[in-house]
Each structure stands twice: as C-alpha cells, then as structure tokens.
Amino acid sequence: MAGVRAAVVEPAAGRGVTAGGLLRRRHVAMIALGGAIGAGLFVGSGVGIAQAGPGIVVGYLVAGLLTVLVMRMLGEMSAAYPGAGSFSSHARRALGPWAGLTAGWLYWALLVVSVAAEAIGASRIATGWVPAVPPWVWVAVFMAVFTGSNLAGTRHFGELEFWFAGLKAAAICAFVVLGAAAVTGALPGQSVPTGQNLTGHGGLLPHGWHGVALGLIAAVFAYGGLETVTIAAADCADPVAAVRGAVRTVLWRVGFFYLGSITVIVLVVPWNDPAVAVGPYAAAMGRIGVPGAAQVMNAVVLIALLSAMNANIYGSSRMLRALAGRGDAPARLAVAGAGGGVPVAAVLASAAFGFASVVLSLVWPRTVFPFLLNSIGAAILVVWVLITLSHLRLRRRLERERPELLVLRTRGFPYLSWAVLAALVGVLGFMLTDPDSRPQLLCTAAWTLALVLAAELKRRRTRLG
C-alpha cells in the first residue's frame with residue numbers, strides 16, 4: 001500500500017513537459033555517450049589494473065554486464081514513468097517514500113562530492129601547465145564557468161556537454177584504433193610484446209581472484225554516472241524516445257569504450273609498470289610511441305573532468321529539484337528561474353556544496369575530504385540495489401494495471417533482476433570482508449541509515465500534522 005500512496009502524491013513531471021523540452025534528442029544521445037567516458041575511466045582504471053593485473057578485463061566485463069542490466073531496468077521504468085526524479089521517483093513509487101528520499105539524497109551527495117573531486121583533479125592539470133596560477137584559482141574559475149553554464153539554461157548545458165562528449169568519444173576511438181594497430185603490428189617500426197604483458201609479471205591473475213574482485217569494485221565506480229541520462233531525458237521534448245535510444249545503445253558503449261580501451265592498455269603496457277597507476281592511457285600511448293603522449297592525455301583527461309563537472313552539476317540540481325518537488329527538500333529548491341526550466345536555487349546549492357568540499361580539501365587535505373569520498377564510496381551500489389528492487393515490484397504492477405506503458409521491456413524478467421540483486425549483494429558482502437573497502441561500505445551504510453530514519457521521522461510528522 002505504501003507504493004500505491006506514493007504513486008498518488010508523486011508529482012507529475014510529465015512526458016516532456018519538464019523544462020519545456022529544452023534538450024534535443026542529439027543532446028541526450030551525446031550525454032549518454034559521454035556518460036560512458038567519465039573521469040573514472042581515465043583516472044580510476046589505473047587503480048583497478050594495479051589491483052587485478054590483466055584480470056581487470058574480467059572485472060570490467062562483469063561490472064559492465066551488471067551496468068547494462070541495471071540500465072535496462074532503469075530505462076524500462078523511466079520510459080513508463082518519465083520524470084526528473086528518475087530512479088528516486090521509481091523507488092518512491094515502488095517501495096515507499098523512504099526509498100525515494102534515500103536514493104535521491106545518496107545520489108545527490110555522490111554527484112556533488114564528485115564535482116569537488118573533478119574540480120581538484122582539473123586544477124592540478126591546469127597548474128602543471130601554468131604553475132604561476134594557484135590551484136584554488138583554477139577551481140574557482142572552473143566552478144564559476146560550469147555553474148554559469150547550468151544557470152544559462154538547459155539548452156546551453158546540453159550544447160556544451162554535446163561538444164565535450166564528442167571530444168571524449170573521438171579521443172577514446174582514436175586510442176582504441178591506434179592500440180589495435182600497435183597490437184596487430186600494423187604500426188611501422190613498432191614492436192609491442194603483448195603476449196609477455198599478459199603471461200609475464202605474475203600471469204593473468206597476479207593477485208588471484210581477490211584482485212579481480214577489487215578490480216570489479218573499481219569498475220563499478222567507474223561505470224557510475226550513466227544513470228544521469230534518464231534524468232536528462234526528462235528535459236527532452238520526447239523523453240520516452242530519448243530513454244529508449246540511450247538505453248538500447250548502452251551495451252556497445254560499455255563494450256567499446258570501457259572493455260576495448262582497458263584491453264588495449266593491458267596488452268600494450270605491463271600491468272605493474274608504475275606509470276599505469278598514475279595514468280594508464282598516457283602510459284599506453286608512450287609505449288606505442290606517440291610523441292608528447294603525456295600532454296595529449298592530460299588534455300583529454302582535463303576535458304573529461306570538466307565534462308563530468310558540467311554533467312554532475314546538472315544531474316545533482318535536477319535530482320535536488322525532484323526531491324524538493326516531493327517535499328523531501330526545501331520547497332524553494334524546486335522553483336524554476338525566469339526563463340523556465342532551470343532550478344536556479346538547486347543549481348546554486350549543488351555548486352556551493354561542491355565548492356565547499358573543495359575548500360575542505362584545501363584546509364584538511366588528509367582528513368575531511370577523504371572522509372567525504374569514503375562516505376559516498378558505496379552509494380552507487382545502494383542506488384543500484386534500490387533500482388533493482390523497484391523494477392521487481394513496478395514491472396509486475398505495470399503488467400497487471402498498465403501494460404501499455406511497457407514500451408521498453410527488460411528480457412529475462414524476473415530471473416535476471418534477481419540475479420543482478422544477488423550479484424550486487426555479493427559485491428557489498430565482499431566489501432564488508434575486505435579491509436580496504438570496509439570503511440567505504442560502513443560510511444555509506446551509516447548515511448543510508450540516517451536517511452531512512454529521516455524519512456521515517458518525516459512520515460510520522462506528516463501523519464501527526
């Protein structure tokens with residue numbers, strides 16, 4: 001009954017009425033493409049390779065399969081119930097208000113802390129090019145630029161992200177093609193010992209399956225962010241068509257951009273090369289013999305970081321607007337600006353928290369900011385669990401009550417959904433047993449419990465009031 005009551009009070013974001021349809025389908029398609037090429041791929045993949053060796057390909061394969069299935073479930077629900085709240089609205093409708101509040105606030109925290117991490121990473125690259133300018137100046141400039149791009153209008157955000165995503169996609173395509181040419185011996189004068197890199201240095205699984213499991217966790221965090229496309233689709237004139245197109249292409253995007261590029265790296269560079277942990281793509285290009293490889297990849301990583309900042313400010317502000325529209329956040333955060341469509345207060349609040357996180361990183365670099373990163377370390381897994389549980393309940397309800405809304409169906413229901421849920425619980429269980437991953441899981445669990453309690457207090461106040 002809680003899910004039925006939630007469906008009644010759920011605000012009608014509407015099929016394309018949100019923000020007046022200010023994003024075009026080409027914007028949403030490129031946002032979906034850019035979501036598959038995040039900072040986690042360029043920066044975080046080196047950590048996974050160091051933990052798993054060549055076995056990282058298995059970790060990315062399993063995590064990629066989970067991502068595809070979760071996105072299919074999310075796409076099915078978003079096509080049936082399009083709205084800015086995306087999975088938080090689905091969780092509220094399926095499981096009750098507590099689930100919507102928890103999923104929404106966890107994802108908002110994940111995005112705004114990511115904005116801070118991306119701003120810090122981008123400032124370090126820019127400072128390396130222009131040492132005379134302090135890092136905090138670059139952070140202030142980047143935050144101001146992308147806060148301004150989000151305030152300027154949804155179409156402005158979409159256009160900027162369109163070109164950012166295009167540059168990232170072109171860079172990865174060039175990397176994979178160049179790497180494939182080097183591996184097959186098509187590059188003149190280049191000799192790459194691919195077999196030795198796979199079987200030498202400890203073999204395919206130098207750290208055993210435990211290392212592969214650690215690499216899988218790193219891969220899951222790298223894939224996180226693809227969900228933003230279902231939030232962006234609500235700002236499109238035809239959100240159902242936008243979601244359908246984005247979700248149906250997620251398989252080849254994951255396969256080509258992630259698995260393709262990671263495979264090239266482990267074939268070209270020994271996994272235990274210290275340069276891999278620092279910058280795996282630059283290390284691979286250096287081995288291939290690309291002149292100025294480090295600076296080329298620094299430019300690509302900078303673009304990826306700035307693109308992620310832009311997208312995460314957008315996604316966090318839209319999630320905050322959805323929370324405010326349901327009464328799970330201050331009502332003023334749901335108010336759109338004079339131009340319509342842009343929740344000015346939500347954009348400013350999300351950007352302000354990101355900037356405050358940067359300040360904390362400068363004042364307490366070894367305590368507060370690492371704590372923030374650990375606090376949201378397992379948030380994406382909790383969100384995926386809620387998406388899966390929501391799908392298990394909503395799919396049955398739709399088949400019984402509104403089958404015409406199932407314009408995008410997930411195959412293998414309910415068996416694949418249960419398999420995904422079991423796999424996610426297994427990953428969480430492994431994090432609990434692993435000493436390095438346990439603090440992230442416990443911090444995220446504490447925040448999740450606090451949000452569930454806040455939702456229960458809110459429910460009791462509403463009932464008494």
Side-chain angles (χ1 to χ4, degrees), residues 10 13-16 18 23 25-36 38 63-95 99-100 103-104 107 165 220 223-255 257-258 311 315 318-319 322 380 383-399 402-421 423-424:
E10 182 71 26
R15 294 177 176 267
T18 302
L23 286 179
R25 286 185 64 183
R26 69 178 178 89
H27 294 141
V28 176
M30 196 56 77
I31 290 169
L33 185 62
L65 179 61
L66 285 176
T67 303
V68 169
L69 293 174
V70 169
M71 286 300 296
R72 291 288 298 185
M73 290 186 282
L74 179 56
E76 178 185 300
M77 293 185 292
S78 296
Y81 300 111
S86 183
F87 49 84
S88 73
S89 298
H90 308 327
R92 179 185 178 90
R93 182 178 285 109
L95 306 172
Y107 200 71
V220 166
Y223 285 123
L226 285 168
E227 309 82 10
T228 305
V229 68
T230 59
I231 299 174
D235 280 336
C236 188
D238 189 350
V240 176
V243 167
R244 184 186 300 161
V247 170
R248 284 179 174 172
T249 59
V250 71
L251 178 60
W252 72 262
R253 286 187 279 122
V254 166
F257 291 114
Y258 278 91
R318 287 346 184 242
M319 183 59 74
I380 192 64
V383 169
W384 284 7
V385 167
L386 290 174
I387 289 173
T388 307
L389 290 173
S390 301
H391 180 253
L392 283 167
R393 178 165 291 187
L394 282 183
R395 172 66 176 266
R396 290 190 178 95
R397 186 183 302 170
L398 285 168
E399 287 178 335
R402 300 290 301 278
E404 71 277 6
L405 296 181
L406 286 171
V407 296
L408 183 64
R409 289 176 177 264
T410 302
R411 296 178 181 177
F413 179 84
Y415 307 107
L416 280 180
S417 299
W418 282 112
V420 169
L421 184 61
L424 293 174

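Here the structure is a predicted model, which means the values were calculated and not measured.
Side-chain atoms of Leu74 and Trp384, non-hydrogen and from C-beta on, never get closer than 4.5 Å to each other. With contacts defined as side-chain heavy-atom distances shorter than 4.5 Å, the pair Glu399/Arg409 qualifies. Between His90 and Leu386, every side-chain heavy-atom pair lies at or beyond the 4.5 Å cut-off. The shortest distance between side-chain heavy atoms of Thr230 and Met77 does not fall below 4.5 Å. Contact check for Met71 versus Val229: side-chain heavy atoms found under the 4.5 Å cut-off.
Between Glu76 and Arg244, none of the side-chain N atoms (NZ, or NE/NH1/NH2) sits under 4.0 Å from a carboxylate O, so this pair counts as no salt bridge. The pair Glu404-Arg402 counts as a salt bridge, with a side-chain nitrogen and a carboxylate oxygen less than 4.0 angstrom apart.
Closest non-hydrogen pair, Thr228 versus Ala311, comes out as CG2-O, 4.4 Å. Smallest separation of non-hydrogen atoms from Ala79 and Val243: N-CG1, 4.2 Å. When all heavy atoms are compared, the tightest approach of Leu66 to Ala423 is CD2-CB, 3.7 Å. Nearest heavy atoms, Gly64 versus Val254: CA-CG1, 3.8 Å. Of all the heavy atoms in Val240 and Pro82, the pair that sits closest is CG2-CG, 4.4 Å. Considering all non-hydrogen atoms of both residues, Val28 and Ala232 come closest at CG2-O, 4.2 Å.
The distance from atom CG of Leu408 to atom OG1 of Thr410, rounded to the nearest 0.5 Å, is 6.5 Å. Summarising the geometry, atom CZ belonging to Arg318 is positioned 13.5 Å from atom OG belonging to Ser86; distances are rounded to the nearest 0.5 Å. Atoms CZ and OG, from Arg397 and Ser390 in turn, are 9.5 Å apart once rounded to the nearest 0.5 Å. Between the CE atom of Met73 and the CG atom of Leu421 there is a distance of 8.5 Å, given to the nearest 0.5 Å. Annotation: the span from Glu227 atom CD to Ser88 atom OG amounts to 12.0 Å, rounded to 0.5 Å. With rounding to the nearest 0.5 angstrom, the OG1 atom of Thr388 is 14.0 Å from the CZ atom of Arg393.
Ring pair Tyr107/Phe87 is perpendicular by interplanar angle, where above 60° counts as perpendicular and below 30° as parallel. Aromatic ring orientation, Tyr223 versus Tyr258: tilted (interplanar angle from 30° to 60°).
With respect to Val420, the side-chain contact (heavy atoms from CB on, under 4.5 Å) criterion is satisfied by exactly one of Ile387, Thr67, Val68, Val70: Val70.
No donor-acceptor distance shorter than 3.5 angstrom exists from the side chain of Ser417 to the backbone of Phe413, with no hydrogens or angles considered. With hydrogens and angles ignored, the 3.5 Å screen pairs no side-chain donor or acceptor of Arg72 with any backbone N or O of Arg411.
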